[in-house]
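In what follows, a single structure is set out as structure tokens and then discussed.
By convention in this document, chain letters (A, B, ...) are assigned in the order of the sequence lines, proteins followed by strands, and residues within each chain are numbered from 1. Note that the structure is predicted; figures quoted are calculated from it, not measured.
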Number of protein chains: 2
Amino acid sequence: MADHQSLSIHCQSCSFSHLCLPVSLKKSELESLDDIIERKKPLHKHDKLVSAGQPFNTLYAVRSGSFKSYISDKDGVEQITGFHFPGDIIGFDALKDQVHQSYSKALETAMVCELPYDTLEVVSERYPALRKQIMKFMSAEIKHDHELMMLLSKRSAEERLLHFISHLSQRFDERGYSARQFNLSMTRNEIGNYLGLTVETISRLLTRFQKEDLIKVDGKLITILDLDGVKQRMPESEISYTALG
Amino acid sequence: MADHQSLSIHCQSCSFSHLCLPVSLKKSELESLDDIIERKKPLHKHDKLVSAGQPFNTLYAVRSGSFKSYISDKDGVEQITGFHFPGDIIGFDALKDQVHQSYSKALETAMVCELPYDTLEVVSERYPALRKQIMKFMSAEIKHDHELMMLLSKRSAEERLLHFISHLSQRFDERGYSARQFNLSMTRNEIGNYLGLTVETISRLLTRFQKEDLIKVDGKLITILDLDGVKQRMPESEISYTALG
DNA sequence: CGCGCCTTTGAGAGAGTTCAACTAACGTGG
DNA sequence: CCACGTTAGTTGAACTCTCTCAAAGGCGCG
């Protein structure tokens, strides 16, 4: 079962394990985790990983590519609740009722590791460190959501987008990619949806930031020219940590 | 230790246990939980229960009264992230770094049950149901936060306030209070802060809702005159459950 | 290679904010 | 227990940031 489509890939050799569930696990714990993980076929752009209403069976860890998660109301209005990159875990909102509450869609070709929840529970009974790690991920998601509330509720369009760019930069950095130059896997529309703004506002702001020599925009490719400038014009959260977050 | 300021109060006799951690626990599990809980002295209006930056030692369950939780940036701008009523758990955002990320302040005279986290972890090792319950609470908070994002990002002032009133009504109902008439323990300012609106807008809307015979407003006392009307004018979430949420 | 989606840019409109003034309720100390 | 200072709430008028509507160009996917 564990070798189903495994492609001989393991947490031990995964370059994002320092950001993912394996963080702080000992070797024996890591091997147990590795045993229960199933690697799925790649997803293509626009493929749905999960849909709201589906029964919850497994959490997913992003292995490559990126995803958006969003909720939807009865009129079809959507709200993107997060973008996910390698190492991120998807599906925590489904734990309460064992039913998925949101949709997750691939923004580009992507791969995930499947973490069957029943098995995860059994294993975490033996390894408290794993359980703690899962709860830390959930806690981090709550913290992120609170910061987004502040952004949506109190910040101007400019501050929201600068925060978004700066946060993306930081996440790419953590993953070993360039903090200064990266490709947006999401559309302007999706950025706007996430930040509570319209496409037009995002477009206008990107143009303005470019005129102000803060960034360079070439379609999906963003180059940050003045990282300090970006951070200066963006309100800081009260509690900050130098290295780890 | 367990009898420290216990006032002979137990989960078994608590009228909010159906909403709190005890949900779905068996008798023996409940007794173990009861043993580790410490009941604290009452807090008064404006007393801080926790502050951002404090080391995290315990979760809190609201026993009576109400609280607001909020984050704050370096300029002192605050964002209320939630209001808490009896049965609610406070402190999940602190699990990640073992440091509180937000403030919680009593909105009126209130009491809490202290859930020392180290002990909670030891006990939940023996009782998986307790562990599951904690994770379900965290999952519910994530879901709530996502719905608030949708509210802040996509809804008009009118829809936000109607949602707020309707949600309060539902929570009072769950707690055995009237769903039709209740006192707001928070100020107009705090409602506005939570919903990403100004005091003036909240005040104007409440006046308008009253003129439209949706509600009656007498200072802090709200009477819902047309509950169906309130719900009709407020967008529904896609996934709804008849009884439990 | 063509059609659809994404992006950009402009002009006008509007929902909610800001500023201001006033009143009401609160609580604190004399 | 009253007086006073402070905080909470209401209402009006002007403003502004962002949205909406519109139109055109460009990229990319099939």
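- We find that CG of B:Leu221 is positioned 19 Å from P of D:dA8, with the value rounded to whole Å.
- Using a 4.0 Å heavy-atom criterion, one finds that A:Thr187 contacts the sugar-phosphate atoms exclusively.
- Distances from the side chain of A:Thr207 to the nucleotides D:dT18, C:dT8, D:dT11 place C:dT8 closest.
- Residue B:Leu206 is out of contact with every strand shown, counting any heavy-atom pair closer than 4.0 Å.
- Regarding B:Lys45, its NZ atom lies at a distance of 13 Å from the C1' atom of D:dT6, rounded to whole Å.
- Residue A:Phe92 holds its CZ atom at 12.0 Å from OG of A:Ser102, rounded to the nearest 0.5 Å.
- Using a 4.0 Å cut-off, some side-chain N or O of B:Lys220 falls inside it from OP1 or OP2 of D:dG9.
- Residue A:Gly192 is out of contact with every strand shown, counting any heavy-atom pair closer than 4.0 Å.
- Atom CE in B:Met186 sits about 11 Å away from atom P in D:dG9, given to the nearest Å.
- Below 30°, between 30° and 60°, or above 60°: for B:Tyr103 and B:Tyr70 the angle between ring planes is below 30°, a parallel geometry.
- Within a 6.0 Å sphere centred on NZ of A:Lys154, heavy atoms belonging to other residues, nucleotides or ligands number more than 12.
- Looking at heavy-atom distances under 4.0 Å, B:Thr201 makes contact with a base.
- Nearer to the 5' terminus of DNA chain C, by closest-nucleotide assignment, is the contact made by A:Asn189 (compared with the other of B:Ser156 and A:Asn189).
- One can find a donor-acceptor pair under 3.5 Å joining the base of C:dC19 and the side-chain atoms of B:Glu200.
- B:Met234 CE to B:Leu161 CG: the interatomic distance, rounded to the nearest 0.5 Å, is 11.5 Å.
- In this model, the phosphate group of D:dT10 is not approached by any side-chain N or O of B:Arg204 to a distance below 4.0 Å at OP1 or OP2.
- A:Leu205 has its CG atom 14 Å from the C1' atom of C:dT7, to the nearest Å.
- Rounded to whole Å, atom C1' of C:dT7 lies 12 Å from atom CD1 of A:Ile202.
- For A:Asp218 and C:dC6, the CG to C1' distance is 15 Å, given to the nearest whole Å.
- Note on A:Arg188: every side-chain N or O is 4.0 Å or more away from OP1 and OP2 of C:dC6.
- Dashed line: the shortest gap from a side-chain N or O of A:Thr198 to OP1 or OP2 of D:dC19 is under 4.0 Å.
- With rounding to whole Å, B:Lys154 atom NZ is found 11 Å from D:dT20 atom P.
- In this structure, CG of B:Leu152 is placed 13 Å from P of C:dG16, rounded to the nearest angstrom.
- B:Gln79 and A:Ser153 share a side-chain donor-acceptor pair at under 3.5 Å.
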